Amino acid sequence: MSAGPLVASGVGILLLVVTAYVLIGGTLTTTEVMVEAQSNLAAHQEVRMRTAIAIQNTTLDGTTLDVEVKNTGSEPVIEIASIDVYLQIEGEPIYIPPHGTDTYHWNKVNITPDGIHPEELDPGETLILSVTCTENATPTWVQVVTPNGVSSSAYIPTQP
C-alpha cells in the first residue's frame with residue numbers, strides 16, 4: 001500500500017480543521033461585536049428614557065429670543081453646545097446653529113442654579129438660551145433638541 005493516499009487524507013483533514021477554526025473564530029468575533037453593539041444601544045436607550053426637557057418661557061425682544069429650558073428628567077445634558085434649536089418663521093422651519101456670526105445663531109446665557117456640575121444642565125436646572133434673529137423676523141414657534149434626541153417645543157407669544 002502506498003503512502004500517497006494516506007498523506008493526501010491527512011492534508012485534507014488538516015485543511016478541514018484549519019477552515020473550521022477560521023470560520024468559528026470569525027463567527028465568535030462577529031457575535032461578540034453584535035452583543036457589544038446591542039448592549040451599547042440598550043444603554044443609550046436607557047439614558048434617553050431618563051432624559052426630559054421642558055420649555056418654561058420664551059421672551060421675544062426685538063431681534064433676541066430668550067428661551068428658558070428646564071431639565072425635568074433624571075439625566076444631565078452634558079454637551080450644551082450640541083443642542084439643536086429650530087425656529088418657525090413665516091411657516092418655514094429654520095435650523096439655528098450654535099454660536100457664530102450668522103444671521104441666526106444661539107448662545108448659552110446661563111444655567112441656574114449651576115452648583116453641582118458647572119456648565120452641564122443637571123436635573124432641576126434651567127438653561128437660558130439667547131437666539132439672535134433678523135430685524136424683520138417674527139418667530140412663532142421654537143423647538144430645542146438635546147444631543148440624544150429628546151425635544152421640547154413651545155409657541156412664542158406675540159407682543160401686543
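Owing to the predicted nature of the structure, the values given are computational and were not obtained by experimental measurement. Residues take their numbers from the sequence shown, with the count starting at 1.
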What pairs of residues pass the salt bridge (charged side-chain N to carboxylate O under 4.0 Å, His left out) test when at least one of them lies in residues 104-113, not counting sequence neighbours?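 As it turns out, the salt bridge (charged side-chain N to carboxylate O under 4.0 Å, His left out) pairs with a partner in residues 104-113, which skip direct neighbours, are Lys108-Glu119.
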Check whether Val7 and Leu15 end up in the same hydrophobic cluster, where Ile, Leu, Val, Met, Phe, Trp and Tyr are linked by side-chain heavy atoms less than 4.5 Å apart.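 They do share one cluster, since a chain of ILVMFWY contacts under 4.5 Å joins Val7 to Leu15.
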Checking side chain to side chain contact (heavy atoms under 4.5 Å, CB included) between [X] and each of [options], which is the one that passes?
X      : options               : answer
Leu129 : Asn107, Leu65, Val85  : Val85
Pro76  : Ile116, Thr51, Asp122 : Asp122
Leu121 : Ile78, Asp114, Leu127 : Leu127

Residue pair Val131, Val142: steps toward the side chain to side chain contact (heavy atoms under 4.5 Å, CB included) verdict: CA-CA 10 Å; Val131 182; Val142 62; 5.6 Å; no
Any heavy-atom pair between the side chains of Pro147 and Ile83 that's under 4.5 Å?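 In short, these two side chains touch, coming nearer than 4.5 Å.
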Any side-chain heavy atom of Ile156 within less than 4.5 Å of one from Leu87?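 The answer is yes; the side chains approach within 4.5 Å.
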Which residues satisfy the salt bridge (charged side-chain N to carboxylate O under 4.0 Å, His left out) test with Glu125, sequence neighbours excluded?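 Scan of Glu125 (salt bridge (charged side-chain N to carboxylate O under 4.0 Å, His left out), adjacent residues dropped) gives none.
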Ring pair (Phe, Tyr, Trp, His ring centres under 6.0 Å) partners for Tyr95, two or more places apart: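 Result, ring pair (Phe, Tyr, Trp, His ring centres under 6.0 Å) vs Tyr95: Tyr86.
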Show me the pairs that pass side-chain hydrogen bond (donor to acceptor under 3.5 Å, both in side chains) and involve residues 3-27, at least two apart or across chains.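 For residues 3-27: none.
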Whether [X] side chain and [Y] backbone form a donor-acceptor pair below 3.5 Å:
X      : Y      : result
Asn40  : His44  : no
Ser152 : Val144 : no
Arg48  : Asn148 : yes

Can you list, by chain and residue number, the hydrophobic cluster partners of Val109 when the side-chain cut-off is 4.5 Å?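 Reading the cluster by chain and number, Val109 sits alongside Ile128.
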Which residues end up grouped with Trp141 if you chain together Ile, Leu, Val, Met, Phe, Trp and Tyr wherever their side-chain heavy atoms are less than 4.5 Å apart?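 Besides Trp141, the hydrophobic cluster comprises Tyr155, listed by chain and residue number.
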Distance check, rounded to the nearest 0.5 Å: [X] atom [atom1] versus [Y] atom [atom2]?
X     : Y      : atom1 : atom2 : answer
Asn71 : Glu120 : CG    : CD    : 11.0 Å
Thr72 : Gln56  : OG1   : CD    : 8.0 Å
Ile89 : Thr140 : CD1   : OG1   : 8.0 Å
Thr31 : Glu36  : OG1   : CD    : 13.0 Å
Asp84 : Gln143 : CG    : CD    : 9.0 Å

Does a side chain donor of either Glu68 or Thr126 reach within less than 3.5 Å of an acceptor in the other side chain?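 No pair is found: no donor N or O on one side chain lies under 3.5 Å from an acceptor on the other.
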Run the side chain to side chain contact (heavy atoms under 4.5 Å, CB included) check on Cys133 and Tyr104 step by step: do they pass? CA-CA 5 Å; Cys133 304; Tyr104 295 101; 3.8 Å; yes
